[in-house]
Amino acid sequence: MSQYLTIDQGNSEAKISLWDDMTIVDTVIEARLTPSSVERFVAGRALSGAIYCSVVQNNGPVINKLSHLARCVYRLSPSTPLPIKIDYSTPATLGADRVAAAVGAWSDFKGRDILVIDAGTAVTYDYVDASGTYRGGNIAPGITMELKALNQFTARLPLIPFPENMGSLRGNLIGRDTAEAITLGAVYSVVASIGYYRSRLPEGTVVVLGGGCGHHLAPLCDFDVTVDEHLVSKGLNRILLYNEN
């Protein structure tokens with residue numbers, strides 16, 4: 001049995017996942033990623049490999065710790081071999097998390113056009129075509145960022161908390177008070193964007209939602225979506241296995 005570790009370092013938190021080949025067996029969210037938190041999660045298990053990606057500055061101490069915990073260690077970078085092709089004008093600036101999410105979606109829907117949405121602090125909308133080529137994508141503020149921006153950059157709009165139960169918003173199109181207007185404005189700006197990109201891509205394009213907000217947004221979409229809360233981690237695992245094999 002081969003076990004692999006994936007670490008997805010995001011803007012606000014890090015996700016550490018343990019994989020038995022291609023099956024996820026354990027995962028934890030760390031607000032602050034440290035060598036000790038990684039070692040604690042691994043708990044003495046023998047790792048065949050580990051892979052790390054970050055949208056912020058690389059965590060050198062964590063990468064060094066991984067080199068003592070796993071036989072092979074990879075840091076996802078623009079030079080890392082991938083199971084998909086990248087057609088992007090500036091590959092050096094393409095976020096590692098976007099690449100990993102694209103690979104994760106492609107691993108489940110090979111041969112299909114895919115709209116990959118990673119909805120977290122920011123929302124990314126990326127397109128992988130049926131040939132397995134990443135064609136590019138767009139970046140927009142996430143729901144929490146929109147809520148904070150409306151409060152920070154206006155004189156009177158209040159700070160509205162993230163709406164955990166978005167399914168309850170279904171059918172409410174127009175806000176009846178200021179709090180509801182802000183909530184619906186932030187949420188439906190993302191939902192509408194998903195629908196718009198889907199409408200402009202080839203017919204039959206699969207929509208895959210990942211990130212911390214993916215399962216919140218899915219009930220508001222009036223078309224089929226696949227929610228994968230481990231989308232980036234899955235992509236990291238598939239990239240690791242691709243390089244191992």
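Counting from 1, the numbers follow the sequence of the chain as shown. What you are looking at is a predicted structure, and each value in this text was computed from that prediction instead of being measured.
- Linking ILVMFWY residues whenever their side-chain heavy atoms come closer than 4.5 Å, directly or via other members, leaves Tyr74 and Ile7 in distinct clusters.
- The hydrophobic clustering, which links ILVMFWY residues whose side-chain heavy atoms are closer than 4.5 Å, places Leu231 and Val207 apart.
- Using a 4.5 Å heavy-atom threshold, the side chains of Trp19 and Val25 count as separate.
- Residues meeting the side-chain hydrogen bond (donor to acceptor under 3.5 Å, both in side chains) test with Arg98, sequence neighbours left out: Asp126, Tyr134.
- Contact check for Thr34 versus Val62: no side-chain heavy atoms found under the 4.5 Å cut-off.
- Linking Ile, Leu, Val, Met, Phe, Trp and Tyr whenever their side-chain heavy atoms come within less than 4.5 Å leaves Phe41 and Ile29 in two separate clusters.
- A donor-acceptor pair under 3.5 Å is formed between the side chain of Ser54 and the backbone N or O of Val56.
- Closest approach of Asn151 to Pro158, counting heavy atoms only: ND2-C, 3.6 Å.
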Check residues 99-110 and write down every donor-acceptor pair under 3.5 Å in which the side-chain atom is one partner and the other belongs to a residue at least two apart or another chain.
unit_1 : atom_1 : unit_2 : atom_2 : d
Ser107 : OG     : Gly104 : O      : 2.6
Asp108 : OD2    : Lys234 : NZ     : 2.5

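- Nearest heavy-atom pair across Asn64 and His68 is O-ND1, 2.9 Å.
- For Thr121, the side-chain contact (heavy atoms from CB on, under 4.5 Å) partners at least two apart in sequence or on another chain are Asn11, Ser12, Met145.
- When the shell of 6.0 Å around CD of Glu203 is examined, it contains 12 or fewer heavy atoms from other residues, nucleotides or ligands.
- Atom CG of residue Leu18 and atom CZ of residue Arg45 lie 4.5 Å apart, to the nearest 0.5 angstrom.
- To the nearest 0.5 angstrom, Glu39 atom CD is 10.0 Å from Ser37 atom OG.
- Side-chain atoms of Asp87 do not come within 3.5 Å of backbone N or O of Thr133 as any donor-acceptor pair.
- Of the inter-residue distances, the one linking Thr6 atom OG1 with Ile24 atom CD1 reads 6.5 Å to the nearest 0.5 angstrom.
- Taking CG from Leu184 and CG from Leu169, the interatomic distance works out to 5.5 Å, rounded to the nearest 0.5 Å.
- Glu146 and Ser189 share a donor-acceptor pair across their side chains, judged by distance under 3.5 Å alone.
- Under a 3.5 Å cut-off, the side chain of Glu244 and the backbone N or O of Leu240 do not form any donor-acceptor pair.
- For the side-chain contact (heavy atoms from CB on, under 4.5 Å) test, residues two or more places apart in sequence or in another chain that qualify with Leu241 are Tyr4, Asp21, Met22, Asn237, Asn245.
- The CG atom of Asp129 lies 9.5 Å from the NZ atom of Lys85; values are rounded to the nearest 0.5 Å.
- At least one side-chain heavy atom of Leu236 sits under 4.5 Å from a side-chain heavy atom of Val232.
- Taking Thr80 as the reference, Leu76, Ser77, Ile239, Asn243 meet the side-chain contact (heavy atoms from CB on, under 4.5 Å) condition, with sequence neighbours excluded.
- A 4.5 Å side-chain heavy-atom check between Gln9 and Tyr52 finds at least one atom pair inside the cut-off.
- A heavy-atom distance below 4.5 Å is found between the side chains of Ile16 and Leu5.
- A donor-acceptor contact shorter than 3.5 Å links the side chain of Asn59 to the backbone of Leu33.
- A donor-acceptor contact shorter than 3.5 Å links the side chain of Asp228 to the backbone of His230.
- Crowding of Asp224 atom CG: a count of heavy atoms from other residues, nucleotides or ligands under 6.0 Å not exceeding 12.
- The CG atom of Leu94 lies 6.0 Å from the CD1 atom of Ile86; values are rounded to the nearest 0.5 Å.
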Checklist entry - Please walk me through it: do Asp113 and Val128 pass side-chain contact (heavy atoms from CB on, under 4.5 Å)? => result CA-CA 6 Å; Asp113 291 291; Val128 182; over 6 Å; no

Checklist entry - Could you walk me through whether Ile51 and Leu66 pass the side-chain contact (heavy atoms from CB on, under 4.5 Å) check? => result CA-CA 9 Å; Ile51 186 169; Leu66 290 175; over 6 Å; no

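- For the pair Ser233 (side chain) and Ser17 (backbone), a donor-acceptor distance under 3.5 Å is absent.
- Residues Leu157 and Ile182 meet the side-chain proximity criterion, which asks for heavy atoms closer than 4.5 Å.
- Taking every heavy atom of both residues into account, Leu115 and Arg198 meet most closely at CD2-N, 3.8 Å.
- Applying the ring-ring contact (aromatic ring centres under 6.0 Å, His included) test to every pair with at least one member in residues 154-185, sequence neighbours left out, gives these pairs: Phe162-His216.
- A salt bridge between Glu229 and Lys15 is absent, with no side-chain N of the basic residue lying under 4.0 Å from a carboxylate O of the acidic one.
- Using a distance-only test at 3.5 Å, with no hydrogens or angles considered, no donor-acceptor pair links the side chain of Asp20 to the main chain of Gln3.
- Of all non-hydrogen atoms in Leu217 and Ala119, the two that sit nearest each other are CD1-CB, 3.8 Å.
- The side-chain heavy atoms of Val123 and Ile117, taken from C-beta on, include a pair separated by under 4.5 Å.
- Few gaps surround CG on Leu159; more than 12 heavy atoms of other groups in view lie less than 6.0 Å from it.
- When the side chains of ILVMFWY residues are joined at heavy-atom separations under 4.5 Å, either directly or via intervening members, Val206 and Leu209 end up in two distinct hydrophobic clusters.
- Taking both residues in full, the closest heavy atoms of Ser131 and Arg135 are given as OG-NH2, 4.5 Å, listed atom of the first, atom of the second, then distance.
- A donor-acceptor pair is defined here as one N or O able to donate and one able to accept, closer than 3.5 Å; no such pair exists between the side chain of Arg71 and the backbone of Leu47.
- Residue Ile143 comes nearest to Pro163 through the heavy atom pair CG2-CD, 4.3 Å, listed as atom of the first residue, atom of the second, then distance.
- When side chains are defined from C-beta on, Tyr88 counts as touching Thr93, because their heavy atoms get closer than 4.5 Å.
- Leu173 and Val190 end up in different hydrophobic clusters when Ile, Leu, Val, Met, Phe, Trp and Tyr side chains are linked at under 4.5 Å.
- With hydrogens and angles left out, the side-chain atoms of Tyr242 and Arg238 include no donor and acceptor closer than 3.5 Å.
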Checklist entry - Between Val116 and Tyr125, does a side-chain contact (heavy atoms from CB on, under 4.5 Å) hold up when you go through it step by step? => result CA-CA 6 Å; Val116 187; Tyr125 307 88; over 6 Å; no

